[in-house]
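One structure below.
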Amino acid sequence: MHELLAQRVQRRIRELFPDVEGVEIKIDVPPRPEMGDYSTNVAMTLAPLLKMAPREIAGKIVDGFSDRWIEKIEIAGPGFINFFISKEGWAEWFSGIFSDPEKLIPDLGKGRKVHLEFVSANPTGPLHVGHGRGAALGDTLTRLLRATGFQVLTEYYINDAGRQITKLGESVYLRYRELFGEEITLEEDHYKGEYIIEIARKIRDLYGDRFIRENDLEFFKKFAAEEILNGIKEDLDIFRVKFDSWFSERSLYDRGVVDETVEILKSKDLIYEDEGAIWFRSSLFGDEKDRVIRRSTGEPTYFLADIAYHRLKFEGGYDLIIDIWGADHHGYEPRIRAAMKALGFDEERLKILFIQLVSLIKDGRPVSMSTRAGEFVTLRDVVEEVGVDAARFFYLLRRNDSHLDFDLDLARKKSNENPVYYVQYAHARISSIFRQGEKKGLDVKPEFFPEKLGEGEIPLLKKIADFSRIIEQSVRDLSPHRIPFYLVELARQFHQYYNETRVLTENVEERKTRLALIEVVKYILREGLEIIGVEAPEKM
RNA sequence: GCGCCCGUAGCUCAACUGGAUAGAGCGCCGGACUUCGAAUCCGUAGGUUGCAGGUUCGAGUCCUGCCGGGCGCGCCA
């Protein structure tokens, strides 16, 4: 509906003012129903260009603007143009939607390729609630982009090469020795969670005391990282998050990508040696200072591997590269952008989304979380507590750049009042109406008879029409939080309709028309829930 | 000290990249089931959008300065 109106207004403006170019026609939904179904502020945006009063421009646009769908046009306030859609207009529009509901989901991607990297938690401990937020956002974006015609590759970057893996291996090794009665002392940066002991136990059960005799740190590193990564994969699987690709940092070294990247930078004269370390001249590209890429010990830094990794992404021919990072990494952005610029890539293709931290609230107090200290609540704990549907909905109900207080007691206690059930109930209720009709032996095949459309159906139609716009906005801003909000509104509109209008009436045409309407509502609920990864139950 | 994010109803959050009288949920209070599912609906109350300026027809949204909270500023990842 937005789109149709925008086109007509555009045409009218071309007729009137052929010289004006590139005006974007914005169609809004006014705050109150007396102001019409839709409105545009285009007269006001044209005013400075044409050097005319907004109401005068609006007058010219409105004068002679005729359309069989439009019942009335008004000029209001400083120069808004308000459109009132006629019942016949709504009927004709809905007729098109009913015959092909997929039209509601626009093709925005047109096959463009997207690389989306998210979660990428170090395999040094289980996923916690903060990772859950990244997982929910990344996975929902994936589903959203795929639904709107993008080709998306999702990837988890496994940091299996750094110093933290060494510390992990040592931690497990110490716990292993402890199992054989040895006194051990863990250092500050060793991992102290219970899961470390479990891994040590597993090694003991499989290999006995073999590693007491031969100290094989490499084995412990590899075993522990694999073990933890498998747990992460399971957690994500339960959380309905699937990755197309698991990318190992270590493989960048094995395949020579890292060395190659150094050579490229070297050939561009962008690295130098100082105090035994190798530096990259990132300050030439907007970073506040140069950065070390190879330590004086000869070890490469994490940053170097990451440059190599992002180079591969850019060379992969993606139109859009999305990274989802925790907000505590924001200081890292100029650095990686500098590197991409230095390599001659168009860094505009890279979008980095930051997720603000998740604070966990328990007994009304924040809980401290630290992987090293082993104090955290895992994603799995939360899912077991409130369920996947509620957890995902809860995460997505907030903009990613605002802090999230995850109140465990509230999530647990009020899980029945979570808005997710409200939306799911609307879906189940619609299914139930069809079941009920069949049970009564009624013909419940939806069919649309325009003359049977009543005033009571219009608000629901308007809400249906909003879906496309919500999807567009979510893709444009890469912020899918609008979707659960919209679904709640759609569900509300439906529940309201349900309460005042009986669907299964005696009149066949009326019944079929109403069924047509709620079938489209059901379609949107199902598609919308699918995008956010929440189930749409037939019964509950 | 410098940089990034956030301050909106009692609480948790929206507000269509500058639009009209700022909206939901939870909580409080009061109504609606012999009829398609009451996990629902209807109604009441709740606000100087942290503060002070600026930009313009118009600001929760943009610019400046404060105040408050969070997070960064490694040859860590």
Side-chain angles (χ1 to χ4, degrees), chain A residues 2 26-32 35 39 41 44-45 47-48 53-55 76-80 82 122 124 159 161-165 167 189 249 274-279 288-289 291-297 299-303 305-306 326-334 354 356-357 359 394 397-405 407 410 414 416-419 421-422 424-426 428-437 439-440 442 444 466 469-470 472-474 476-477 481-482 485-486 488-489 491-492 494-505 511 514-515 518 539-540:
Chain A
H2 281 91
K26 220 174 103 189
I27 303 291
D28 291 321
V29 176
R32 297 210 320 285
M35 297 170 173
S39 72
N41 63 349
M44 289 181 288
T45 53
R55 288 191 69 107
F80 291 102
N82 294 337
N122 289 345
T124 53
N159 303 125
R163 185 172 288 178
Q164 82 282 359
I165 296 294
K167 289 294 161 190
D189 52 2
E249 178 185 357
D274 188 40
E275 294 180 15
I278 311 285
W279 298 70
E288 56 188 7
K289 52 182 268 199
R291 307 289 174 177
V292 170
I293 57 170
R294 200 179 288 281
R295 289 185 268 266
S296 48
T297 59
E299 291 171 296
T301 61
Y302 171 84
F303 179 44
D306 213 21
D328 54 341
H329 287 67
H330 72 259
Y332 190 76
E333 179 175 7
F354 292 98
Q356 286 297 327
L357 298 191
S359 341
F394 206 98
L397 216 41
R398 279 153 184 76
R399 272 194 355 239
N400 54 284
D401 55 2
S402 65
H403 294 247
L404 168 56
D405 283 338
D407 189 328
L410 201 72
K414 299 201 170 173
N416 289 333
E417 292 156 24
N418 193 301
Y421 296 105
Y422 184 82
Q424 289 180 321
Y425 181 53
R429 210 175 204 186
I430 293 172
S431 308
S432 168
I433 294 173
F434 280 94
R435 278 196 303 270
Q436 209 41 243
K439 215 164 89 184
K440 290 180 174 174
L442 298 170
V444 289
D466 284 346
R469 178 50 68 101
I470 295 293
E472 266 177 49
Q473 288 167 4
S474 301
R476 183 194 63 204
D477 302 338
H481 72 279
R482 301 168 202 276
F485 272 101
Y486 167 78
V488 169
E489 285 171 20
R492 174 173 307 115
F494 164 73
H495 285 308
Q496 205 176 319
Y497 175 73
Y498 174 89
N499 265 69
E500 60 195 26
T501 314
R502 193 176 170 78
V503 176
L504 298 175
T505 56
R511 180 169 74 231
R514 292 178 181 172
L515 286 169
I518 65 170
K539 275 183 193 174
M540 49 193 294

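Heavy atoms only: backbone and side chains are in, while hydrogens, waters and symmetry mates are out.
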By nearest atom, which of the nucleotides B:G37, B:A77, B:G3 is closest to the A:Q164 side chain?
B:A77
Along RNA chain B (nearest heavy atom to each residue), the more 5'-positioned of A:Q496 and A:N159:
A:Q496
Using Watson-Crick or G-U wobble geometry with both distances under 3.5 Å, which nucleotide pairs with B:C26?
B:G10
Does B:U40 have OP1 or OP2 under 4.0 Å away from a side-chain N or O of A:R492?
no
To the nearest Å, how far apart are A:N418 CG and B:C26 P?
11 Å
Syn or anti for B:C42, given that syn means the glycosidic angle lies within 90° of 0?
anti
Rounded to the nearest angstrom, tell me the gap between atom CD in A:E500 and atom P in B:C36.
17 Å
What I want to check is whether an N or O donor and acceptor connect the side chain of A:S39 with the base of B:A20 at under 3.5 Å.
yes
Mind checking who B:G3 pairs with, Watson-Crick or G-U wobble, both distances under 3.5 Å?
B:C71
Can you check whether A:F80 stacks with the B:A20 base, using ring centres under 5.5 Å and planes within 30°?
yes
Please check the phosphate of B:C33 (OP1 and OP2 only) for any side-chain N or O of A:Y498 closer than 4.0 Å.
no
B:A15 phosphate, OP1 or OP2, under 4.0 Å from A:H481 side-chain N/O
yes
